[in-house]
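Only this structure's heavy atoms are used, side chains among them; waters, hydrogens and symmetry mates stay out. Fair warning: this is a prediction, and the values are worked out from it, not measured in the lab.
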Amino acid sequence: MKARTPTRSAQTARTGTPARTPRETPPVAEPTFPLVRAAIVYALCTLALGYQALAGNFLVNPNSDQYRTGYPYRQFGAEVLRATGDFAQWNPFILGGIPYAAAGGAGDVFYPTFILRSLLPVDVAITWSFLLHIFLAGLFTFAFVRALGFAFWPALFAGVAYMMSGQVASLVSPGHDGKIYVSALAPLLLWMIVRAVRDGRAWAWGMIALVTGLAIL
């Protein structure tokens, strides 16, 4: 004869405590204001990487292309924008003159970071543009992972792991601004795809178009 497995009521009567099935797990408490708490963690992680910016330092490596060519391009564009109120169309200082916006080193001419360069010194604006996008890379990853159904702590860890990874964090030193920007926009795009395709949110399609356009810029 096969031995019988004691029922839950029999186990309770014998031990005095209710039996727990293998599927039962203690609930994990979700913190209040999860997005705000995650944003604080990601801000601290960003400052841990770029705290020198608080003293006004330019975090770009002086041997990089950004320092030698990208920065002068952006300085010229910012000066023209301040003086004329319009974007530079022509750079007369290279080879007798070349198109500015279409040149390879012009970079984020129409990307929203141009606003920072019109308000702050160009080196400060570039530095904080990098740090802002590293922060956003973590925050958007957190929102994307949460949308997939993960709890707060796994999503928080995913955001930290992505933003602090070498693929993202190391881009500040060579000044690869375009790579940092699209790295920050990638989890936002994935988040919006989930909202549009799985959840049927019509507004998410507009966000997909906007994020794609920003990545192109």
Side-chain angles (χ1 to χ4, degrees), residues 28-62 64 66-67 70-71 74 78 107-108 111-195 203-204 207-208 210-215 217:
V28 178
E30 287 276 326
T32 56
F33 307 109
L35 188 62
V36 175
R37 292 175 182 268
I40 293 173
V41 171
Y42 298 144
L44 292 176
C45 290
T46 303
L47 290 178
L49 291 174
Y51 63 90
Q52 300 95 333
L54 298 175
N57 292 333
F58 193 23
L59 300 184
V60 175
N61 189 324
S64 66
Q66 175 66 247
Y67 191 89
Y71 168 73
R74 286 154 182 76
D108 51 340
Y111 191 75
T113 48
F114 80 85
I115 299 174
L116 286 178
R117 294 196 297 273
S118 64
L119 300 175
L120 300 170
V122 174
D123 59 325
V124 175
I126 292 174
T127 296
W128 283 103
S129 295
F130 292 163
L131 297 182
L132 173 63
H133 281 80
I134 289 179
F135 166 79
L136 291 176
L139 193 65
F140 290 151
T141 300
F142 172 82
F144 167 56
V145 175
R146 289 283 281 177
L148 293 179
F150 286 83
F152 173 81
W153 295 107
L156 182 70
F157 177 80
V160 173
Y162 181 62
M163 68 182 289
M164 301 288 278
S165 67
Q167 188 275 331
V168 177
S170 67
L171 295 173
V172 174
S173 177
H176 291 173
D177 48 358
K179 294 179 182 178
I180 295 180
Y181 299 161
V182 298
S183 294
L185 293 173
L188 174 59
L189 179 62
L190 295 174
W191 178 23
M192 291 300 102
I193 290 175
V194 170
R195 289 303 188 199
W203 57 266
M207 284 297 299
I208 290 173
L210 177 62
V211 174
T212 303
L214 288 175
L217 290 178

> Hey, are the side chains of Asp177 and Asp108 touching, using non-hydrogen atoms and a 4.5 Å cut-off?
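In short, these two side chains touch, coming nearer than 4.5 Å.
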
> With side-chain contact (heavy atoms from CB on, under 4.5 Å) as the test, would you mind laying out the steps for Leu49 and Val172 before giving the verdict?
CA-CA 10 Å; Leu49 291 174; Val172 174; over 6 Å; no

> Hey, what do you get for CD1 (Ile134) to CG (Leu139), rounding to the nearest 0.5 Å?
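So the gap between those two atoms works out to 14.0 Å.
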
> Less than 4.5 Å apart, any side-chain heavy atom of Tyr42 and any of Met164?
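No, their side chains stay 4.5 Å or more apart.
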
> Just wondering, do Arg117 and Thr113 contact through their side chains at under 4.5 Å, heavy atoms?
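A side-chain contact under 4.5 Å exists here.
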
> Got a second to check how far Ser173's OG is from Phe130's CZ, nearest 0.5 Å?
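Result: 10.0 Å between the selected atoms.
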
> Is the gap between the ring centers of Phe142 and Phe152 under 6.0 Å?
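Yes, they do, as the ring centres are separated by less than 6.0 Å.
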
> Measure across Met163 and Phe135 and return the closest heavy-atom pair with its distance rounded to 0.1 Å.
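Answer, listing the atom of Met163 first, then Phe135: CE-CA, 4.2 Å.
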
> A side-chain contact here means heavy atoms from C-beta on lying under 4.5 Å apart; do Leu131 and Leu59 qualify?
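A side-chain contact under 4.5 Å exists here.
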
> For the CG atom of Leu188 and the CZ atom of Phe140, what is their distance to the nearest 0.5 Å?
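If I round to the nearest 0.5 Å, the distance is 4.5 Å.
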
> Using a 4.5 Å cut-off on heavy atoms from C-beta on, say whether the side chain of Tyr71 contacts that of Val60.
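No, side chains not in contact.
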
> Hey, what do you get for CG (Leu116) to CD1 (Ile126), rounding to the nearest 0.5 Å?
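Rounded to the nearest 0.5 Å, the CG-CD1 separation comes out at 10.5 Å.
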
> Find out whether Leu214 and Pro112 are in side-chain contact, i.e. whether some heavy atom of one side chain is under 4.5 Å from a heavy atom of the other.
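Heavy-atom side-chain distance check passes, below 4.5 Å.
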
> Apply side-chain contact (heavy atoms from CB on, under 4.5 Å) to residues Leu189 and Thr212 and explain how you reach the verdict.
CA-CA 8 Å; Leu189 179 62; Thr212 303; 4.1 Å; yes

> Using side-chain heavy atoms (C-beta onward) and a distance below 4.5 Å, is Val194 in contact with Leu190?
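No; the side chains remain at least 4.5 Å from each other.
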
> Show your reasoning for whether ring-ring contact (aromatic ring centres under 6.0 Å, His included) applies to His133 and Tyr111.
CA-CA 13 Å; His133 281 80; Tyr111 191 75; 5.7 Å; yes

> Do Gln66 and Asn61 come within less than 4.5 Å of each other through their side chains, counting heavy atoms only?
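Side chain of Gln66 against side chain of Asn61, heavy atoms only: no contact under 4.5 Å found.
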
> So which heavy atom on Ser129 is nearest to which on Ala125, and how close?
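Closest approach of Ser129 to Ala125: OG-O, 2.7 Å.
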
> Return yes if some donor-acceptor pair links the side-chain N/O of Glu30 with the main-chain N/O of Ala151 below 3.5 Å, else return no.
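Checked: no pair found.
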
> To the nearest 0.5 angstrom, please state how far the CG atom of Leu44 sits from the CD1 atom of Ile40.
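Output value for this atom pair is 7.5 Å.
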
> Closest approach of Tyr162 and Ala137, non-hydrogen atoms and distance?
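Tyr162 and Ala137 have their closest heavy atoms at CD2-O, 3.7 Å.
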
> Looking only at heavy atoms, which two atoms of Ser183 and Gln167 are closest? And how far apart?
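Taking every non-hydrogen atom into account, OG-NE2, 3.5 Å.
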
> How many angstroms lie between CG in Leu136 and OG1 in Thr141, if you round to the nearest 0.5 Å?
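One finds 10.0 Å between CG of Leu136 and OG1 of Thr141.
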
> Is it true that, when you exclude Tyr67 itself, more than 12 heavy atoms of the residues, nucleotides or ligands shown sit nearer than 6.0 Å to its OH?
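Open.
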
> Whether the side chain of Arg74 engages the backbone of Val122 through a donor-acceptor N/O pair (distance < 3.5 Å, no angle test) should be reported.
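No: the side chain of Arg74 does not pair with the backbone of Val122.
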
